[in-house]
Asker: 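This structure is in structure tokens; I'll ask about it shortly.
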Amino acid sequence: MASIQIENVQKAFGKTIAIDQLNLEIKDGEFFTFLGPSGCGKTTTLRMIAGFYYPTKGVVRFGEKDMTRVPPEKRNTGMVFQNYALFPHMTVFENVAFGLKVRKVSSADVKLKVLEVLRKVRLEKYSDRQVSQLSGGQQQRVALARALAIEPEILLLDEPLSNLDAKLRDEMRAEILRLQRDYKITTIYVTHDQAEALSMSDRIAVFNYGVCHQVGTPAEIYNQPANDFVASFIGEINLLPVQVDHVEQEDIAVTLKNDGEPVKLIVHNHTNEDELNKGNLAVSIRPEAIRILDTVETGTNVLKGKIAAVQFLGSIVNLMVQIDHVSLKVDVLNTHEFGHYYQGKDVYVELPEKQLRLLPVISGEVNV
Amino acid sequence: MFKNRDTRLTIWLLIPVVFVLVAYVLYPSLRTFFESLQSDGSISLGNYQDFFVQESKTNLLALWNSVYISILSVFFSALIGIPLAIIFNRYDFPGRSFFSTAAILPIVLPSLVGVMAFMFLYGESGLIPNAIKDLLGLEKVPFKIGGVSGILIVHAYTMYVYFYMTVSAAINKIDPSLEEAAYNLGANRIKVFWKVTFPLLTPAIVAASLLVFMISMASFSAPFLLAGGYRVLSLQIYFSKINGDMEIAATQSVILSIVSISFLLFMRWYQNRKDYRMATKGIGAHRSEVKNPFMKWLMVGFGMIGVLILLLPHFTILLLSLVPDGTWTWQTYPSVFNLENYRLLFADPNIFKPLKNSLIMAVIATVGNLVFGVIASYLLVKRKFVGKSFVDILVMIPWALPATVIGMNLVFAFNEPNVFSFGQILVGTFWILPLAYFIRHIPLVVRSTNAVLEQLDDSIEEAARNLGAKWFYTFRKVILPIIMPGVLSGTLLAFIESVGEFPTSVLLYTISNRPISIEIMNQLRMFNMGQAAAYGMIQITLIVIVLFISNKFFGIKAEKAL
Ligand SMILES: Nc1ncnc2c1ncn2[C@@H]1O[C@H](COP(=O)(O)OP(=O)(O)OP(=O)(O)O)[C@@H](O)[C@H]1O
Ligand SMILES: [Mg+2]
């Protein structure tokens, strides 16, 4: 088991820079997830850790050891490939035994060890099967068993569930988590599925265009996104471009940048001085944090609007509330009788001061 | 770039591959080119001038004859191959699958043996014309083949297979819904065929035409045995060499190479062009069952007759091999049949020797092909390096060069000692023929290995490395076992082709080391048909065994490697 340090790593393929200025520290025994849209550099980073790519710049360390130039076969990482990469000419047993045979483990020990791992992934009955005769989920488990059998210091999983159907994904998620807790192994998990990332990880790193935007626990990433990209990539969010009117100790007064009547909001100040002066800003609020008021009220951040659309989803109801030129997504729990919210209804919405966050805008224009 | 382990490995693998290609493919070609520029001890274009403005025009005429024969060969091969491909892939009737496999039989008949069979079947004293004469009580044989018609019939027989295979592959790739859409829009069968299906097949037909053209330009055995006075360029090279006009032979070789290589380049360009093939997945061929019973049995009947015609050459060789020499002289038909020729083949060391020579040389060449092919193909498919397309082209050159030219290149390169022959004169030694066979079959083995390696996902190799296996261990335990079936089926094909190889053999053999094909030629000259046919049968048997092994044990259709 080991921690992983990635220091100032850059990886370029010819002219394209796949990863830039990456600094990460992954702790011993942690379940760490790389999350980001397609092409953002997750696989590239994982492959630098596995040793299939060498960084153009920077250093990769396992614990204290500098691993930057160590070839893949000397790293003792267990990797599960997206397409499993099982050896088609070998049985389940032979696949799992491969890494042990390479390590010249005696054949009696190989047998013991392989059967133990196969039991862990609940495949002991299948050890003599040809891998082509297994279902997708079983192949997935063989791949996992093969990676675990060598008792790797680090487990690397590149979108291991993307080829499975929804039900099997849920099962395998639980399975992977169980095994990870069992072996207490440092694990890096690559995915572009935010639900997967939020539910499984100890910590998450969010990538876009080769840059890591934020590292944090699922709750930190969701509740305190570092910028508009992270905010909008994970979950639903309302992003409203604003300009700052004045800054107090506790609060910040802002005005929405929109075409109609000026709308003024008070935002709780959890932002540091630097960010306030760094270009475009937006306030963000999650749809479930907005309160719908049925009676006429006034107060800070209470706005009058009209329901523009209603979408019934079962446990919650999505509303689209039009306030002058601004539309807000609002989620309410399904606690009222059916028909309580209807298109065209006049409502008041409250944007609680503590739930509003002022974020730097990095991805160009934010739509109003 | 820094030199990491993988880069070093690539370089270590690349060194022997590039050495072999430069030494035995590039250098000999350049040596021939250089020779063609020599006239009377100085460097000039004199030989080329002679070629084109020569008084007797023999060379120009030979070039024209080659082109003429090739165009007609393309025409006749297409005429047989395209309809067969359409019928076998679009209609279902009893025995279809058997007939469609039988349709590729001609390609596995060694060319020299095939030509010999045709001579005995349809030649002046051939069995078929004489049988017809006797049956109908005619004065003279009603027809005979020889000269141009002979060459064309042999070419059409062997080369239609290229049309058949490429067009079949193309038909099976057509998305049936395209045709269904056309029917749906109100087009009738004929319209659909000409407006939808045929245009989609054009790229395949063009590719096959270019291929057949190239192969007939290079054809040697058929003109050599059948042409009589008809001179084609590949033969001219041989005669120039026999007469000792080495500079002229070189010039003729260069010109023939230029024609062949330009066709190869044209073909590559054509195939890389964007065509209308679409990436639709998961469509099998859709065949309409022939329901009309009359049509159905008509097709079966034609199929059987077709297979009979295709197999006649093989049967003829079998029949002839059972006729002891000296028992069939003036009679129209042979009358004595026994196994004497086979007994002699194994009992008489003189008669056995060529067979043994061929087998030994083919084994040596094929082992070379296997090792070289696997390494070269691995580099080309799985590794990145500067100059890859250069290596790729060098690998393909022996495929584009006519066998006669490869033979001449070796003559020029290795009738003097040099670095590449390790200071030896190779011409006139045992080693020159295995070398020639090896060079001839580089492209075949590399291409069939490429095909399987391209299927192999890179992550398989990475998975093994990740589990701690070093490269060589990974290569031995993971990559090789997975690709072996595909590699072996290509290699076995190279082996049987080496056993039967004629054009380079005739240019390079030595008496003590003569291969089977040369001995067949000698026996034919002495009118020992039976013995020649027995040699031929050995080759046919080998081919059957190889096809059987490939199909049975590797589950691979050997013809895929072609
Ligand atoms: N071997 C390579 N050569 C050139 N460019 C590459 C190579 N590998 C990756 N890239 C480029 O680097 C960028 C990051 O790729 P990467 O595979 O890491 O993305 P990813 O985050 O894993 O995406 P996905 O979710 O689609 O797997 C992409 O723009 C990709 O085109
Ligand atoms: Mg990826």
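We name chains A, B, ... by the order of the sequence lines, and we start the count at 1 in each one.
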Asker: Side-chain contact test, heavy atoms from C-beta onward, threshold under 4.5 Å: evaluate it for B:L453 versus B:I479 and give yes or no.
Answerer: yes
Asker: The test is side chain to side chain donor-acceptor pair (under 3.5 Å); show your working for A:T191 and A:D193 and say whether it passes.
Answerer: CA-CA 5 Å; A:T191 183; A:D193 179 334; 5.3 Å; no
Asker: Work out which heavy atom in A:P160 is nearest to a heavy atom in A:V80; give both atom names and the distance.
Answerer: CB-CG1, 4.2 Å
Asker: If you measure from NZ on A:K11 to CD1 on A:I19, what distance do you get to the nearest 0.5 Å?
Answerer: 11.0 Å
Asker: Counting only non-hydrogen atoms closer than 4.5 Å, can you tell me which residues of residues 81-93 of chain A sit against chain B?
Answerer: A:F81, A:N83, A:A85, A:L86, A:F87, A:P88, A:H89, A:M90
Asker: Chain B: which of A:P72, A:A50, A:G99, A:A143 shares the most heavy-atom pairs with it under 4.5 Å?
Answerer: A:P72
Asker: Under 6.0 Å between ring centres, would you say that holds for B:W471 and B:Y378?
Answerer: yes
Asker: Give, for atom NZ of A:K42 and atom CZ of A:F207, the distance between the pair rounded to the nearest 0.5 Å.
Answerer: 9.0 Å
Asker: Given that the side chain runs from C-beta out, which part of B:D457 has a heavy atom under 4.5 Å from chain A: side chain, backbone, both or neither?
Answerer: side chain
Asker: Using non-hydrogen atoms only, which part of A:R146 is less than 4.5 Å away from chain B: side chain, backbone, both, or neither?
Answerer: both
Asker: Ignoring hydrogens and geometry beyond distance, is a side-chain donor-acceptor pair present between A:Y189 and A:E196 at under 3.5 Å?
Answerer: yes
Asker: Roughly how far apart are A:F62 CZ and A:I26 CD1, rounded to 0.5 Å?
Answerer: 9.0 Å
Asker: Is B:K382 atom NZ crowded by more than 12 heavy atoms from other residues, nucleotides or ligands, each under 6.0 Å away?
Answerer: yes
Asker: Output yes when A:E175 and A:R178 qualify as a salt bridge under the 4.0 Å nitrogen-oxygen rule, no when they do not.
Answerer: yes
Asker: Output the residues of residues 100-131 of chain A for which the shortest heavy-atom distance to chain B is under 4.5 Å, in residue-number order; output 'none' if no such residue exists.
Answerer: A:K101, A:V102, A:R103
Asker: Rounded at 0.5 Å granularity, tell me how far CZ in B:F390 sits from CG in B:D392.
Answerer: 11.5 Å
